Chemist: 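The structure under discussion is supplied below as structure tokens; questions concerning it will follow.
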Amino acid sequence: MSKRKPQFDFWTIVTIGILAVFALFLIYPLISLFVDGFLEEGTGAFTMANFTKFFGKKFYYRSLLNSLKLTVCVTICSLLIGVPLAYIMSFFKIRGKGIIEILIIISMMSPNFIGAYSWILLLGRSGVVTQFLSNTFGIKMPSIYGFGGMLLVFTLKLYPFIYMYVSGALKKVDVAVCEAAESLGCNAIRKVFTVVMPLVTPTAIASALLVFMNCMADFGTPALIGEGYDVLPTKIYIEFVGESGGSAYFASAMASLMVVITAVLFLLQKWYVNKKSFTMSAMRPILPTRAKGAKNVVMHVFTYLLVILSVVPHLVIIWTSLRKTEVQYFVDGYSFESYTKIFDTAFSSIQNTYLYCIIALAIIIILGMLIAYLSVRKKSMLTSAIDTIAMFPYIIPGSVLGITLLLAFNGKGDPMVLSGTAAIMIISLVIRRLAYTLRSSSAILYQISPSVEEAAISLGDSPLKAFVKVTAKLMLPGVISGAILSWITLINELSSSVMLYTANTRTMSVAIYNEVIRASYGTAAALATILTLTTVLSLFLFFKISGSKDVTM
């Protein structure tokens, strides 16, 4: 009896190909990172010295403690702002609610470092507000630099995550639950804490862990306004690219610690959500009511003030980009000279941004659709592993991913040399931002009946042809929505790009960071305005195509 030969159909080949891609560009670099963390500088011998050095010197381990302190405080502040805002917007009628939600989402999707930069322009040592209060009233503003400034910037940037997720959970609460509580004698305050909050707590905790991971991994904000308050991402960057004797192996050890911390947090989030979450189906969703008297005024003032503070960075950037400059200083009057300068000196970074991101987006769309199809239609341990691996880069700090790629593709003994090329920039972007398109592709595929594709195959189409002609076309609305979100995060990417770029492969986000470091605030503002307007237009396109104002994963 002859043995059956294994069947290598189209989807088997796709599965093997995607596994090979992840093995080469994600798993191998991560293994290289962890291995290098245990090597001795100079000899390459196995050692624990890098970790002993980190935990043995306060100069180093203090950065980890600072990161944890900052992220815990940011998470608590984001919860204290985001949860009440979600409750107010869900239970009460707020004038201009639609515009408010759009502005909140815009502030959420813009890069952290632009917010930090705009607050420097407002509250820095020579900031507009700082100078006005000092010259007019003799008031000395607290410094925007250090812990306080980062707490402000991160909180205003990350509370929308809490708001969006908790708002989504509140939409699923049935009004009958609240009515039952009221019939049992619960007053408004008691109802909130004994009925509403327990229902949304799993979602609030999950979103809080998301805020924690985003803050922990961010490089741009601490690099711009961290001054004197070292955190782990900036310490890794300095150690890896430092001109004063930095050690790549020591940087790898610190980066490995960050990967472990974020991975543990991710697994903790998954465990908590799976254990504590439950399904709610709102037959009668909560209908907002109009509050009266002082309560109504307080809620409107709180909401409007918060939204104004959230969008101020974007308005300041646009205004600054139009101010006249001489050398690196602002003078009276307005002009387009900052835009003229960037088209002379930084036009290549604009070109690179759009070119790299378009190529990366095309790859992301193809990979996202294929992986989604494998995980939904061809379920197995292998395809489940691919789906999990594809999501893992979502929790890896960008600066760490940049280091892993440099270590893996930098020279002799590596599979290929990619450092300094456009290819490594594009690979980094694809790995970092695949998650949005993958999740949206999976979501839309669950809504498409397999029978449609089966009918095409029964009529003579091959599996590949049936997928392209039928399933892929039906997936497009969901794929495009996720692709737009991937695009927004691609053009704003800084953490990994700042590790990988060269003079020829610099992107807009890196150019903005470099201009701010050089105190060329006018040109930095012009570049940031182009980036911000691209983000805003992309978001409106997302709203139009998806028909939704929710941006979640």
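Model, not experiment: these values are computed from the prediction. Values below: all heavy atoms of this structure, side chains included; hydrogens, waters and symmetry mates excluded. Numbering starts at 1 and runs along the sequence shown.
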Chemist: Is there a donor-acceptor contact under 3.5 Å from the side chain of Ser538 to the main chain of Ile484?
Modeler: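 Looks like no, no N/O pair under 3.5 Å.
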Chemist: Mind checking what makes side chain to side chain contact (heavy atoms under 4.5 Å, CB included) contact with Thr262, not counting sequence neighbours?
Modeler: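 Counting only residues at least two positions away or on another chain, Thr262 forms a side chain to side chain contact (heavy atoms under 4.5 Å, CB included) with Pro397.
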Chemist: Can you list the steps and then say if Leu405 with Phe409 is a side chain to side chain contact (heavy atoms under 4.5 Å, CB included)?
Modeler: CA-CA 6 Å; Leu405 291 173; Phe409 305 109; 3.9 Å; yes
Chemist: Kindly indicate, with the supporting measurements, whether the criterion side chain to side chain contact (heavy atoms under 4.5 Å, CB included) is fulfilled by Trp119 and Ile225.
Modeler: CA-CA 9 Å; Trp119 285 106; Ile225 61 173; 6.0 Å; no
Chemist: I want to check a possible cation-pi pair here: Arg125 against Tyr145, using under 6.0 Å from ring centre and within 45° of the ring axis as the test.
Modeler: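 So Arg125 does make the cation-pi contact.
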Chemist: To the nearest 0.5 Å, what is the distance between CH2 on Trp487 and OG1 on Thr534?
Modeler: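 These two atoms lie 7.5 Å from each other.
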Chemist: When you measure from the side chain of Asn66 to the backbone of Val231, do you find a donor-acceptor pair of N or O atoms at a distance under 3.5 Å?
Modeler: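 Not a single qualifying donor-acceptor pair exists.
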Chemist: Under 4.5 Å between any side-chain heavy atoms of Phe347 and Ile342, yes or no?
Modeler: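 Not in contact.
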Chemist: Is the side chain of Glu493 donor-acceptor paired with the backbone N or O of Ser496 at a distance under 3.5 Å, no angle test?
Modeler: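 Yes, the answer is positive, given that a donor and an acceptor are paired below the 3.5 Å cut-off.
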Chemist: Any side-chain heavy atom of Val311 sitting closer than 4.5 Å to one from Ile106?
Modeler: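 No; the side chains remain at least 4.5 Å from each other.
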Chemist: Could you check Thr535 against Asn492 for side-chain hydrogen bond (donor to acceptor under 3.5 Å, both in side chains), going step by step and ending with a plain yes or no?
Modeler: CA-CA 8 Å; Thr535 300; Asn492 290 316; 3.3 Å; yes
Chemist: So do Val260 and Phe34 actually touch side chain to side chain, heavy atoms under 4.5 Å?
Modeler: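 Sidechains of Val260 and Phe34: in contact.
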Chemist: Under the rule for salt bridge (charged side-chain N to carboxylate O under 4.0 Å, His left out), what residues qualify as partners of Lys235, not counting sequence neighbours?
Modeler: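 With neighbours one apart ignored, the set is Asp230.
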Chemist: Are Phe38 and Phe51 an aromatic pair by the rule of ring centers under 6.0 Å?
Modeler: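 Yes, close enough.
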Chemist: What's the spacing between Leu494 CG and Thr507 OG1 if we round to 0.5 Å?
Modeler: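 Taking CG in Leu494 and OG1 in Thr507, the distance rounds to 7.5 Å.
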Chemist: Which atoms form the tightest heavy-atom contact between Thr421 and Ile424, and what is the distance?
Modeler: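 The answer is O-CG2, 3.2 Å.
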Chemist: Is the side chain of Thr353 donor-acceptor paired with the backbone N or O of Met508 at a distance under 3.5 Å, no angle test?
Modeler: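 At least one qualifying donor-acceptor pair exists.
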Chemist: Is the shortest heavy-atom distance from the side chain of Thr505 to the side chain of Leu500 under 4.5 Å?
Modeler: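 The answer is no; the side chains never approach within 4.5 Å.
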Chemist: Could you check whether Tyr229 and Phe147 have their ring centres less than 6.0 Å apart?
Modeler: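 Distance test on ring centres: under 6.0 Å, yes.
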Chemist: Can you find a pair of side-chain heavy atoms, one from Ile364 and one from Leu438, that are under 4.5 Å apart?
Modeler: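 Side chain of Ile364 against side chain of Leu438, heavy atoms only: no contact under 4.5 Å found.
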Chemist: Hey, what's the ring geometry for Phe219 with Tyr237, parallel, tilted or perpendicular (30° and 60° as the breaks)?
Modeler: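 Ring orientation of Phe219 relative to Tyr237: tilted.
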Chemist: For a 4.5 angstrom cut-off between non-hydrogen side-chain atoms, does Ile431 reach Phe392?
Modeler: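 Of all side-chain heavy-atom pairs linking Phe392 with Ile431, none is under 4.5 Å.
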Chemist: Would Ser375 and Thr383 count as having a side-chain donor-acceptor pair, cut-off 3.5 Å?
Modeler: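 The answer is no; no qualifying pair exists.
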Chemist: Whether the side chain of Thr71 engages the backbone of Ser67 through a donor-acceptor N/O pair (distance < 3.5 Å, no angle test) should be reported.
Modeler: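 A pair under 3.5 Å: yes.
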Chemist: Thr502 and Gly420: which non-hydrogen atoms are nearest, and at how many Å?
Modeler: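 Shortest heavy-atom contact: CG2-CA, 3.4 Å.
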Chemist: Please check if the side chain of Thr404 supplies one atom and the backbone of Leu30 the other of a donor-acceptor pair under 3.5 Å.
Modeler: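 Checked: no pair found.
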Chemist: Closest heavy-atom contact between Ile396 and Arg432?
Modeler: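 Heavy atoms only, the tightest pair is O-NH1, 3.0 Å.
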Chemist: When rounded to the nearest 0.5 angstrom, what is the spacing between CD1 in Ile426 and SG in Cys357?
Modeler: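 Reported value, rounded in 0.5 Å steps: 9.0 Å.
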Chemist: Taking all atoms of both residues into account, what is the closest heavy-atom pair of Leu24 and Pro29, and its distance?
Modeler: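 Minimum heavy-atom contact is O-CD, 3.2 Å.
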Chemist: Please test Leu19 against Leu382 for side chain to side chain contact (heavy atoms under 4.5 Å, CB included), starting from the C-alpha separation and ending with a verdict.
Modeler: CA-CA 9 Å; Leu19 272 175; Leu382 204 57; 3.6 Å; yes
Chemist: What's the spacing between Tyr356 OH and Ser497 OG if we round to 0.5 Å?
Modeler: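 The distance works out to 10.0 Å.
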Chemist: Atom CG of Leu224 and atom CD1 of Ile517: how far apart are they, to the nearest 0.5 Å?
Modeler: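 Rounded to the nearest 0.5 Å, the CG-CD1 separation comes to 5.5 Å.
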Chemist: In residues 148-163, what donor-acceptor pairs under 3.5 Å come from side-chain atoms, sequence neighbours left out?
Modeler:
{"unit_1": "Thr155", "atom_1": "OG1", "unit_2": "Leu151", "atom_2": "O", "d": "2.6"}
{"unit_1": "Lys157", "atom_1": "NZ", "unit_2": "Met108", "atom_2": "O", "d": "2.3"}
{"unit_1": "Lys157", "atom_1": "NZ", "unit_2": "Ser110", "atom_2": "O", "d": "3.1"}
{"unit_1": "Lys157", "atom_1": "NZ", "unit_2": "Asn112", "atom_2": "OD1", "d": "3.4"}
{"unit_1": "Tyr159", "atom_1": "OH", "unit_2": "Ser310", "atom_2": "OG", "d": "2.7"}
{"unit_1": "Tyr163", "atom_1": "OH", "unit_2": "Glu101", "atom_2": "OE2", "d": "2.9"}

Chemist: If you look at every heavy atom in Val166 and Thr203, which pair is closest and at what distance?
Modeler: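 For Val166 versus Thr203, the nearest heavy atoms are N-CG2, 4.1 Å.
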Chemist: Quick one: does Tyr117's side chain get under 4.5 Å of Leu121's, heavy atoms only?
Modeler: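 The answer is yes, as the side chains (C-beta and beyond) meet within the 4.5 Å cut-off.
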Chemist: Run the numbers on Tyr249 and Val35 for side chain to side chain contact (heavy atoms under 4.5 Å, CB included), then give the verdict.
Modeler: CA-CA 9 Å; Tyr249 290 147; Val35 169; over 6 Å; no
Chemist: What are the two closest non-hydrogen atoms of Ile488 and Ile491, and how far apart are they?
Modeler: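 Nearest pair, atom of Ile488 first, then Ile491: O-CG1, 3.2 Å.
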Chemist: Run the side-chain hydrogen bond (donor to acceptor under 3.5 Å, both in side chains) test on Asp387 and Ser384 for me, step by step, so that the C-alpha distance in whole Å, both residues' side-chain angles and the decisive distance to 0.1 Å come before the verdict.
Modeler: CA-CA 5 Å; Asp387 186 61; Ser384 296; over 6 Å; no
Chemist: Tyr60 vs Phe250 aromatic rings, parallel, tilted or perpendicular, using cut-offs 30° and 60°?
Modeler: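 Because their plane-to-plane angle is over 60°, the rings of Tyr60 and Phe250 count as perpendicular.
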Chemist: Less than 3.5 Å apart, any donor N or O on the side chain of Ser349 or Asn352 sitting next to an acceptor on the other?
Modeler: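 Checked: Ser349/Asn352 side chains show no N/O donor-acceptor pair below 3.5 Å.
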Chemist: Are Tyr501 and Asn514 side-chain neighbours, meaning at least one heavy-atom pair lies under 4.5 Å?
Modeler: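 Yes, side chains in contact.
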Chemist: Between CG of Leu103 and CD1 of Ile308, what distance do you get to the nearest 0.5 Å?
Modeler: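 Output value for this atom pair is 10.0 Å.
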Chemist: Has Thr130 got a side-chain atom pairing as donor or acceptor with Leu123's backbone, closer than 3.5 angstrom?
Modeler: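 Pair found, side chain donor or acceptor close to backbone of Leu123.
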